[in-house]
Colleague: 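First the structure, then my questions, so here it is.
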Amino acid sequence: MASLEEQITQRRAHLDALVQLGVPAYPNRFDRRHTVSELVQAHGSRTGEELDADRPETVTSGRILGIRSFGKANFLVISDGLLRLQVYIRQDSLPALDFKIFQLLDFGDWVGVEGRLFRTKTNELTVWAARLHFLAKCHLPLPEKWHGLTDVEIRYRQRYLDLIVNPESRQVFEVRSKVVTAIREFMTTRGYVEVETPMMQPIAGGALARPFVTHHNALDMELFLRIAPELYLKRLVVGGFDRVFEINRNFRNEGISTQHNPEFTMMEFYQAYADYHQLMQMTEELVATVAQRVNGSDRVLFNGHQISLAAPFARLSLREAARDAASTRLGRDVPMASLRSRDLAAALARELGIEVDAGAGAGRIATELFERLCEDRLIQPTFVHDFPTEVSPLSKQRPDDPETVERFELYIGGFEVANAFSELNDPREQRRRFEDQLKERAGGDAEAHQMDEDYVRALEYGLPPTAGEGIGIDRLVMLLTGSPSIRDVILFPLMRHLSSRDATDVAADATDPSV
RNA sequence: GACCUGGUAGCUCAGUGGUAGAGCAUCUGACUUUUAAUCAGAGGGUCGCGGGUUCGAUCCCCGCCCGGGUCACCA
């Protein structure tokens, strides 16, 4: 007996046998006193003598990840998903029924255990079971206990399996949760109010990206999944929420890569009376605080790089970065003026072998040069600031240079982690910027911004001086967990459909009682 | 979208133009402090799917499906 079907049949037979013994197949509750993790944390450092002195009793539970059987003496390894604990099953220490239950258990089953803690001869912390309770059946064989599950496709499609057998995967998502908690606390203690704004929007605004389209039946209305919460959050600042933030998903209908998932989590926040300089400072503080909080260190190892997340971060102007990189590449001094004139910039791009859109102005070309020449080299945290106005339709210009806006992006590990700017709050200038975007849209740029009349109207009521920022949570978690792919920090990353036969899934057949 | 690369037992992986292999898991037996338990035995496969070449294909060729990576595009 060994094929998958046979193993499933065997496991079901074990469950049927339990029912024959009068054991409930699916009991409704189990009153556990301690989790496995609590027991390990409370007693993991205590000696056998100490345990024998006060004989701590417990009622605990978990999934069986190991069975070692010696006939009348047996060991289980149970896990609460985080830590593991051994259980000693001795035939003459248990009621006869409980021992029969033990004999019908399979790897992966859920059990409850009552007993006292002790240490075995090999000094392993162990529960000496006085009672054993059956809690739920695992009908399917688990991946191997030693190598775990390494097939990334199964790890992503069936994350539950990954979590059962790969503790390091569980750890990543524990860290992710702590990151969100730490950020939320960081923000709320600074007086930011957490809000929720629409994810279904009639105009997908606030970023330059292609949206997903959906439809509301009763209203017969086309809607877009949001690409950013930005315009709604700023409406709230107009309404008097002078510090707001939101942590939730954005959706962008674009390519997938190690750094891009179609839905991703962003923390976006707005602060009235602040400008982008203050946000740089706050961002340094936030990143270092969160790192300390979740890892106990502001240093991380990412893709083989030791990265220091301690403030202050490097600061680099976008055009200077592009000019310096271009100079190095060409072996001559490229004058800054080359990035300010459309014709000179286009010639420079040609010289560097970088293609740019025919309609691109000097600002877009300079940005393109930066992205192509500099971006992936920014391993240590770096604020790249002062973006061209042309690529920043919602940002406020520098008073001394209208071609440049007060905007920065934070790069760590070679990719963008945050994007922030002083918010454009002049409604007439905003309308003009939207109109420029409409021209680009008419020219075929599907990512150009649409006109949002209500947003302009909100600005007409008056947005105080405000700075805002978006921080990519997935990417921050990648850095803090050393995960090279965004799919490793998203519980259920988007995957293609399997064929209908495969998607039916052997498991579905196996657990269907009608089969 | 282009290129590179992978898909063999429940899992981790070998392998070959001539009836398909290991370890773990499974099943049978032994074993009252083991821990990747051990020992003895047994079973388990549409070699991703579909064509082609061949006396014969898991292997060679073509197409497709599903992953992973690099680039392009984006955040």
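Chain identifiers are assigned alphabetically (A, B, ...) following the order of the sequence lines, protein sequences preceding nucleic acid strands; residue numbering begins at 1 within each chain.
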Colleague: Whom does B:A25 pair with, Watson-Crick or G-U wobble, provided both distances fall under 3.5 Å?
Modeller: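 Here B:A25 is not engaged in any pair, so there is no nucleotide opposite it.
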
Colleague: Using heavy atoms to find the nearest nucleotide of RNA chain B for A:Pro141 and A:Met495 separately, return the residue whose nucleotide is more 5′.
Modeller: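 Per heavy-atom nearest nucleotide, the more 5' residue is A:Pro141.
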
Colleague: Across all strands shown, which nucleotide pairs with B:A30 by Watson-Crick or G-U wobble geometry, both distances under 3.5 Å?
Modeller: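 Across any shown strand, B:A30 pairs with B:U38.
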
Colleague: Taking side chain to side chain donor-acceptor pair (under 3.5 Å) as the criterion, tell me which of A:Lys137, A:Arg11, A:His139 meets it with A:Asp106.
Modeller: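 Among A:Lys137, A:Arg11, A:His139, the one meeting side chain to side chain donor-acceptor pair (under 3.5 Å) with A:Asp106 is A:Lys137.
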
Colleague: Which part of the nucleic acid does A:Arg372 contact within heavy-atom distance under 4.0 Å: base, sugar-phosphate only, or nothing?
Modeller: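 Answer is sugar-phosphate: A:Arg372 comes under 4.0 Å of backbone atoms only.
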
Colleague: Which nucleotide in the set B:U34, B:U32, B:U12 lies at the smallest distance from any side-chain heavy atom of A:His147?
Modeller: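 Side chain of A:His147 sits closest to B:U12.
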
Colleague: Is the distance from OP1 or OP2 of B:C31 to the nearest side-chain N or O of A:Lys72 less than 4.0 Å?
Modeller: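 No.
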
Colleague: Hunt down the Watson-Crick or G-U wobble partner of B:C3, both distances under 3.5 Å, from any strand shown, or write none.
Modeller: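 Because both required distances fall under 3.5 Å, B:C3 counts as paired with B:G69.
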
Colleague: Just compare B:G67, B:G10, B:C31 and give me whichever is closest to any side-chain atom of A:Glu144.
Modeller: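 So the nucleotide nearest the side chain must be B:G10.
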
Colleague: Which one, B:G44, B:U32, B:C66, comes nearest to the side chain of A:Phe70?
Modeller: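 Selected nucleotide: B:U32.
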
Colleague: Indicate, yes or no, whether a donor-acceptor pair under 3.5 Å links the base of B:U34 to the side chain of A:Thr120.
Modeller: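 A donor-acceptor contact between them is present.
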
Colleague: Would you call A:Phe75 stacked on B:U34, i.e. ring centres under 5.5 Å apart with the planes less than 30° off parallel?
Modeller: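 Per 5.5 Å and 30° rule: yes, stacked.
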
Colleague: Describe the nucleic acid contact of A:Phe118 in one word from base, sugar-phosphate, nothing, applying a heavy-atom distance below 4.0 Å.
Modeller: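 The residue A:Phe118 makes base contact.
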
Colleague: Among the candidates B:U33, B:C73, B:A25, find the nucleotide nearest to the side-chain atoms of A:Gln7.
Modeller: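 Nearest listed nucleotide: B:A25.
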
Colleague: Measuring only between side-chain heavy atoms, which start at C-beta, is A:Leu286 closer than 4.5 Å to A:Met267?
Modeller: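 SC-SC contact between A:Leu286 and A:Met267 confirmed.
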
Colleague: Of the options B:U34, B:G69, B:G67, whose atoms approach the side-chain atoms of A:Ser485 most closely?
Modeller: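 Closest nucleotide to the A:Ser485 side chain: B:G69.
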
Colleague: On the nucleotide B:A37, are OP1 or OP2 found under 4.0 Å from the side-chain N or O atoms that A:Arg68 carries?
Modeller: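 Checking A:Arg68 against B:A37: at least one side-chain N or O falls below 4.0 Å of OP1 or OP2.
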
Colleague: Regarding B:U34, can its base be found pairing with the side chain of A:Gln86 as donor and acceptor, where the two atoms are less than 3.5 Å apart?
Modeller: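 Between B:U34 and A:Gln86, which were checked side chain against base, a qualifying N/O pair under 3.5 Å is present.
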
Colleague: Determine the interatomic distance between P on B:A57 and the same-named atom on B:G50; round to the nearest Å.
Modeller: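 After rounding to an integer number of Å, I get 14 Å for this pair.
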
Colleague: Whom does B:G45 pair with, Watson-Crick or G-U wobble, provided both distances fall under 3.5 Å?
Modeller: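 Pairing partner: none.
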
Colleague: Roughly how far apart, to the nearest Å, are B:G68 and B:U32 at atom P?
Modeller: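 Straight-line distance between the two P atoms is 49 Å.
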
Colleague: Please confirm whether the shortest side-chain N or O distance from A:Arg90 to OP1 or OP2 of B:U32 is below 4.0 Å.
Modeller: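 Checking B:U32 against A:Arg90, no side-chain N or O comes under 4.0 Å of OP1 or OP2.
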
Colleague: Please tell me if A:Arg487 has a side-chain N or O lying less than 4.0 Å from either OP1 or OP2 of B:G69.
Modeller: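 For B:G69, OP1/OP2 do have a side-chain N/O of A:Arg487 under 4.0 Å.
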
Colleague: Out of B:C66, B:G69, B:U26, which nucleotide sits closest to the side chain of A:Gln10?
Modeller: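 Ranking B:C66, B:G69, B:U26 by closest atom to the A:Gln10 side chain puts B:U26 first.
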
Colleague: Considering only atom C1', compute the distance from B:G63 to B:U53 and round it to an integer number of Å.
Modeller: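 To the nearest whole Å, 15 Å.
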
Colleague: Among B:G69, B:C11, B:C73, which nucleotide sits nearest the side chain of A:Leu149?
Modeller: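 Side chain of A:Leu149 sits closest to B:C11.
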
Colleague: Is A:Phe107 touching bases, backbone alone, or none of the nucleic acid, heavy atoms closer than 4.0 Å?
Modeller: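 Here A:Phe107 touches the backbone only, sparing every base.
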
Colleague: Could you please name the partner base of B:A14, counting Watson-Crick and G-U wobble pairs only when both distances are under 3.5 Å?
Modeller: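 When the pairing criteria are applied, nothing turns out to pair with B:A14, so the answer is none.
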
Colleague: Can you check the distance between B:G56 and B:U19, where both ends of the measurement are the C1' atom (answer in whole Å)?
Modeller: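 The answer is 11 Å between these two C1' atoms.
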
Colleague: I'd like the P distance from B:U34 over to B:C47, given in whole Å.
Modeller: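 Per the computed distance, 44 Å lies between those P atoms.
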
Colleague: Counting only side-chain N and O atoms of A:Thr150, is one of them less than 4.0 Å from OP1 or OP2 of B:C13?
Modeller: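 Looking at the OP1 and OP2 atoms of B:C13, one of them is under 4.0 Å from a side-chain N or O of A:Thr150.
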
Colleague: Under 6.0 Å from the ring centre and within 45 degrees of the ring axis: does the NZ or CZ of A:Arg159 meet both conditions for the six-membered ring of A:Phe492?
Modeller: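 Cation-pi check for A:Arg159 and A:Phe492: fails.
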
Colleague: Indicate, with a heavy-atom threshold strictly under 4.0 Å, whether A:Asp92 touches base, sugar-phosphate, or nothing.
Modeller: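 Counting heavy atoms under 4.0 Å across all strands, the contact made by A:Asp92 includes a base.
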
Colleague: Check the angle between the aromatic planes of A:Phe408 and A:Phe383 and answer parallel, tilted or perpendicular using the 30° and 60° thresholds.
Modeller: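 Rings of A:Phe408 and A:Phe383: perpendicular, over 60°.
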
Colleague: At 4.0 Å (heavy atoms only), tell me whether A:Tyr88 reaches a base, stays on the sugar-phosphate, or touches nothing.
Modeller: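 Contact class for A:Tyr88: base.
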
Colleague: Check whether any side-chain nitrogen or oxygen of A:Arg496 sits under 4.0 Å from OP1 or OP2 of B:C65, and answer yes or no.
Modeller: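 No, no such contact exists.
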
Colleague: Of the nucleotides B:C31, B:G44, B:C11, which has the atom closest to the A:Ser69 side chain?
Modeller: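 The listed nucleotide nearest to A:Ser69's side chain is B:C31.
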
Colleague: Return the nearest nucleotide to the side chain of A:Glu368; candidates are B:G44, B:U12, B:C73.
Modeller: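 Closest nucleotide to the A:Glu368 side chain: B:C73.
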
Colleague: Is it the case that the ring center of A:Tyr88 lies less than 6.0 angstrom away from the ring center of A:Phe75?
Modeller: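 Judged by ring-centre distance (under 6.0 Å), A:Phe75 and A:Tyr88 do meet the cut-off.
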
Colleague: Using the six-membered ring wherever Trp is involved, compare the ring planes of A:Tyr411 and A:Phe370 and label them parallel, tilted or perpendicular (cut-offs 30° and 60°).
Modeller: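 Plane angle over 60°, so perpendicular.
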
Colleague: One thing to verify: whether A:Arg407 and A:Glu409 come together as a salt bridge, which I'm taking to mean a side-chain N less than 4.0 angstrom from a carboxylate O.
Modeller: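 A salt bridge is present here (some side-chain N lies under 4.0 Å from a carboxylate O).
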
Colleague: With under 30° as parallel and over 60° as perpendicular, where do the rings of A:Trp128 and A:Phe118 fit, or are they tilted in between?
Modeller: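 Rings of A:Trp128 and A:Phe118: tilted, 30 to 60°.
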
